**Q** 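My questions will all concern the structure given below.
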Amino acid sequence: KVLFAGGFGFSDYEAKKPATANTIFQIGSCTKAFTSALLGVLANEGKLDFDEKVTAYLPDLRLFNDELNTRLTVRDLTCHRSGLPRHDLSWYLNPTTRDSFVHRMRYFEPSAGLREQWQYNNFGFLLQGAIAEKLTGKSWEDNIRQRFFQPLGMKTAMFDIWNAPATADVAKGYFEKDGAVKFMDYYRIEGMGPAGSITASASEMANWLITWINGGKFNGQEILPGTYMSQAVSAQMAMGGGMPGAENPNIFFSNYGMGWMLASYYGHYRVEHGGNINGFSASVCFFPADSIGVVVLVNQNGSQAPSAIRNLIVDRLLGLKYHDWNAD
């Protein structure tokens with residue numbers, strides 16, 4: 001059940017329009033869990049094997065070297081272990097179509113060997129979206145609508161916030177400069193959609209979290225297969241050493257599942273992912289062993305608010321000693 005859903009501040013700062021639990025925000029890279037989960041559903045239907053080579057599903061794909069062309073698997077894409085660094089300027093500064101982005105990848109030089117190092121890479125999720133499109137004959141967007149939005153009652157969720165109807169409760173994005181709040185136009189992320197284009201409200205994202213906490217079921221219907229879920233929230237690749245630090249000694253280990261980041265939070269198993277896109281920041285988080293989840297969406301660029309708010313709420317739900325995350 002939903003314990004709380006609410007809005008604070010303004011969805012439109014100039015008009016002083018209040019944000020609500022139903023205001024639509026861009027969730028950025030929190031989209032990634034949807035994309036990998038789509039492949040999890042297809043794998044459960046026998047249409048895909050995560051340990052099969054990517055080129056088995058995208059035979060025309062060409063990458064920088066033979067190792068990537070002949071050994072890169074679908075699982076490698078889900079957990080950022082391809083050896084490719086971000087190469088983000090290629091999509092962010094030069095937006096184009098999804099097919100053109102895939103074509104560009106042949107020029108992306110790896111900075112590590114396959115599975116040697118965790119390196120965040122949006123293009124890996126672009127390829128997952130391309131695989132889903134190839135296997136189903138439908139766009140990634142149509143697949144996400146059919147498999148997730150519709151059964152989860154996510155009626156206002158969308159992929160192109162800039163095309164939202166005038167009557168929609170849509171947030172505008174902002175950044176701060178010299179103490180002033182400045183409007184930041186939407187980034188049109190259609191081409192890189194599977195890595196970060198979903199737009200949704202807090203109240204509807206709660207249904208997504210309920211599904212993960214509830215063994216993949218929502219209103220009695222299986223949305224996510226259990227075999228996929230157990231893999232998705234288990235360590236597939238070490239992000240780093242993950243040693244406890246002096247500042248937060250009770251938060252440690254740092255692994256990546258499939259579209260999720262994993263850590264120990266004061267002895268509790270945390271599954272989380274952040275999201276950032278022009279004017280918006282987000283955090284989607286749940287604790288599978290504790291059956292609690294929190295989603296925080298804000299219309300502030302590069303904001304620390306989602307993590308601070310998330311931690312304050314989680315500490316209360318877990319009965320932990322108060323810590324002033326806002327001060328941090």
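Predicted, not measured: the structure shown is a model, and the values here were computed from it.
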**Q** Would you say Arg316's side chain and Ile313's backbone share a donor-acceptor pair under 3.5 angstrom?
**A** no

**Q** Between Leu58 and Ile131, is any pair of side-chain heavy atoms under 4.5 Å apart?
**A**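 The answer is yes; the side chains approach within 4.5 Å.
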
**Q** Under a 3.5 Å distance rule, please check whether Asp315 uses its side chain to pair with a backbone N or O of Leu312 as donor and acceptor.
**A** no

**Q** Using a 4.5 Å cut-off on heavy atoms from C-beta on, say whether the side chain of Glu222 contacts that of Asn44.
**A**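 In short, these two side chains touch, coming nearer than 4.5 Å.
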
**Q** Could you check whether the rings of Phe123 and Phe101 sit parallel, tilted or perpendicular, using 30° and 60° as the cut-offs?
**A** perpendicular

**Q** Do Asp12 side-chain atoms and Ala15 backbone N/O form a donor-acceptor pair below 3.5 Å?
**A** yes

**Q** Locate the shortest heavy-atom distance separating Leu63 from Asn69; write the atom from each residue and the value.
**A**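 It is N-OD1, 2.7 Å.
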
**Q** Please round to the nearest 0.5 Å and tell me the distance separating atom OG1 of Thr96 and atom CE of Met192.
**A** 10.5 Å

**Q** Say you draw a straight line from CD1 of Ile27 to CD1 of Ile198; how long is it, rounded to the nearest 0.5 Å?
**A**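 Rounded to the nearest 0.5 Å, the CD1-CD1 separation comes out at 5.0 Å.
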
**Q** A side-chain contact here means heavy atoms from C-beta on lying under 4.5 Å apart; do Ser197 and Trp140 qualify?
**A**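 Yes, close enough: below the 4.5 Å cut-off.
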
**Q** Is the count of non-hydrogen atoms from other residues, nucleotides or ligands lying under 6.0 Å from Lys134 atom NZ greater than 12?
**A** yes

**Q** Do Lys53 and Thr70 make a side-chain contact, defined as non-hydrogen atoms from C-beta onward lying under 4.5 Å apart?
**A**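 Heavy-atom side-chain distance check fails, nothing below 4.5 Å.
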
**Q** Going through the checks in order, is the side-chain contact (heavy atoms from CB on, under 4.5 Å) test met by Leu84 and Met105?
**A** CA-CA 10 Å; Leu84 290 167; Met105 291 188 69; 4.2 Å; yes

**Q** Answer yes if Ile251 and Val296 sit in the same cluster of Ile, Leu, Val, Met, Phe, Trp and Tyr residues linked by side chain heavy atoms under 4.5 Å apart, and no otherwise.
**A** yes

**Q** Is there a side-chain contact between Ser201 and Thr23 in this structure, where contact means two heavy atoms from C-beta onward sitting under 4.5 Å apart?
**A**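 No, too far: nothing below the 4.5 Å cut-off.
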
**Q** Counting only heavy atoms not in Glu247, do more than 12 fall under 6.0 Å of its CD?
**A**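 Atom CD in Glu247 is not crowded, with 12 or fewer foreign heavy atoms closer than 6.0 Å.
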
**Q** Hydrogens and angles aside, do Gln119 and Ser111 bring a side-chain donor and acceptor to less than 3.5 Å of each other?
**A** yes

**Q** Report the relative orientation of the aromatic rings in Trp212 and Trp208; use parallel for angles under 30°, tilted for 30 to 60°, perpendicular for over 60°.
**A** perpendicular

**Q** What is the minimum heavy-atom distance between Ser283 and Glu272, and which atoms define it?
**A** OG-OE2, 2.8 Å

**Q** Stepwise, does the side-chain contact (heavy atoms from CB on, under 4.5 Å) test hold for Lys47 with Val41?
**A** CA-CA 9 Å; Lys47 299 174 181 174; Val41 171; over 6 Å; no

**Q** When you compare the side chain of Asp49 with that of Tyr57, does any pair of heavy atoms fall below 4.5 Å?
**A**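 Of all side-chain heavy-atom pairs linking Asp49 with Tyr57, at least one is under 4.5 Å.
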
**Q** If you draw the axis of the six-membered ring of Phe125, does the NZ or CZ of Lys32 fall within 45° of it and under 6.0 Å from the ring centre?
**A**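 Judged by the rule (NZ or CZ under 6.0 Å from the ring centre, within 45° of its axis), Lys32 counts as positioned above Phe125.
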
**Q** Picking from Phe34, Tyr256, Trp260, what satisfies ring-ring contact (aromatic ring centres under 6.0 Å, His included) with His273?
**A**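 Running ring-ring contact (aromatic ring centres under 6.0 Å, His included) over Phe34, Tyr256, Trp260 with His273 returns exactly one hit, Tyr256.
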
**Q** Shortest non-hydrogen contact from Ser29 to Gly274?
**A**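 Looks like CB-O, 3.5 Å.
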
**Q** Is there a side-chain contact between Phe287 and Tyr265 (heavy atoms, below 4.5 Å)?
**A** yes

**Q** What closest approach, in Å, do Gly257 and Cys79 show between heavy atoms, and which atom pair accounts for it?
**A** O-CB, 3.2 Å

**Q** Do Phe108 and Val102 share a hydrophobic cluster, counting only Ile, Leu, Val, Met, Phe, Trp and Tyr and linking them when any side-chain heavy atoms are less than 4.5 Å apart?
**A** yes

**Q** Are Met205 and Met229 grouped together when hydrophobic residues (ILVMFWY) are joined by side-chain heavy atoms under 4.5 angstrom apart?
**A** yes

**Q** Does Ile309 share a hydrophobic cluster with Phe10, counting links as ILVMFWY side-chain heavy atoms below 4.5 Å and allowing steps through other members?
**A**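 Cluster IDs for Ile309 and Phe10 differ.
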
**Q** Would you confirm whether Arg62, through its side chain, and Pro59, through its main-chain N or O, come within 3.5 Å as a donor-acceptor pair?
**A** yes

**Q** Are Asn299 and Tyr13 close enough that some pair of their side-chain heavy atoms sits under 4.5 Å apart?
**A** no

**Q** Can you measure from CG (Leu297) to CD (Gln26) and round to the nearest 0.5 angstrom?
**A**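 Separation between the atoms: 11.0 Å.
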
**Q** Could you give the distance from OG (Ser291) to CD1 (Ile210), rounded to the nearest 0.5 Å?
**A**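 That separation rounds to 11.5 Å.
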
**Q** Just wondering, are more than 12 heavy atoms of other shown residues or ligands nearer than 6.0 Å to NZ in Lys321?
**A**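 Open.
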
**Q** With no hydrogens and no angle check, is any side-chain donor or acceptor of Glu141 less than 3.5 Å from a backbone partner on Phe159?
**A** no

**Q** Start with the C-alpha gap between Leu77 and Leu72, add the side-chain angles, then the distance that decides, and say whether side-chain contact (heavy atoms from CB on, under 4.5 Å) holds.
**A** CA-CA 8 Å; Leu77 301 178; Leu72 182 71; 3.8 Å; yes

**Q** Does Lys182 make a cation-pi contact with Phe175, if we ask for NZ or CZ under 6.0 Å from the ring centre and within 45° of the axis?
**A** no

**Q** Just by modelled atom types, is the Ala33 backbone N or O under 3.5 Å from a matching donor or acceptor in the Ser36 side chain?
**A** no

**Q** Is Val233 reachable from Met239 through a run of hydrophobic residues whose side-chain heavy atoms are each under 4.5 Å from the next?
**A**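 No, it is not one cluster - the side chains of Met239 and Val233 are not joined through contacts under 4.5 Å.
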
**Q** Do Asn121 side-chain atoms and His80 backbone N/O form a donor-acceptor pair below 3.5 Å?
**A** no

**Q** Please check this pair: side chain of Gln300 against backbone of Ser281, looking for a donor-acceptor N/O pair closer than 3.5 Å.
**A** no

**Q** So which atom in Pro151 and which in Ile223 form the shortest heavy-atom distance, rounded to 0.1 Å?
**A**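 Here Pro151 and Ile223 meet closest at CB-CD1, 3.5 Å.
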
**Q** Have Thr78 and Gln128 got a donor and an acceptor in their side chains that come within less than 3.5 Å?
**A**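 Gln128 and Thr78 do not have a side-chain donor-acceptor pair below 3.5 Å.
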
**Q** Roughly how far, to the nearest 0.5 Å, is CG of Asp328 from CG of Asn311?
**A** 9.0 Å

**Q** So which heavy atom on Thr227 is nearest to which on Gln231, and how close?
**A**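 Where Thr227 meets Gln231 most closely, the heavy atoms are O-NE2, 3.2 Å.
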
**Q** Are the charged groups of Arg188 and Glu190 less than 4.0 angstrom apart, N to O?
**A** no

**Q** Assess whether atom OH of Tyr269 is packed by more than 12 heavy atoms of other residues, nucleotides or ligands within 6.0 Å.
**A** yes

**Q** Measuring from Tyr186:OH to Asn278:CG, what's the distance to the nearest 0.5 Å?
**A** 11.5 Å

**Q** Could you check whether Tyr120 and Asp88, counting side-chain N and O atoms only, form a donor-acceptor pair closer than 3.5 Å?
**A**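 No, no side-chain donor-acceptor contact under 3.5 Å.
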
**Q** Counting only N and O atoms by type, is there a donor-acceptor contact under 3.5 Å from the side chain of Arg104 to the main-chain atoms of Ser90?
**A**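 Flag set: sc Arg104 to bb Ser90 pair under 3.5 Å.
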
**Q** When you look at Ile144 and Met154, which way does the side-chain contact (heavy atoms from CB on, under 4.5 Å) test go after all the steps?
**A** CA-CA 11 Å; Ile144 296 294; Met154 298 178 68; over 6 Å; no

**Q** Under a 3.5 Å threshold, yes or no: a donor from one side chain and an acceptor from the other, between Ser203 and Asn22?
**A**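 Asn22 and Ser203 do have a side-chain donor-acceptor pair below 3.5 Å.
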
**Q** Distance-only, no hydrogens or angles: does the Asp160 side chain make a donor-acceptor pair with backbone N or O of Trp162 under 3.5 Å?
**A** no

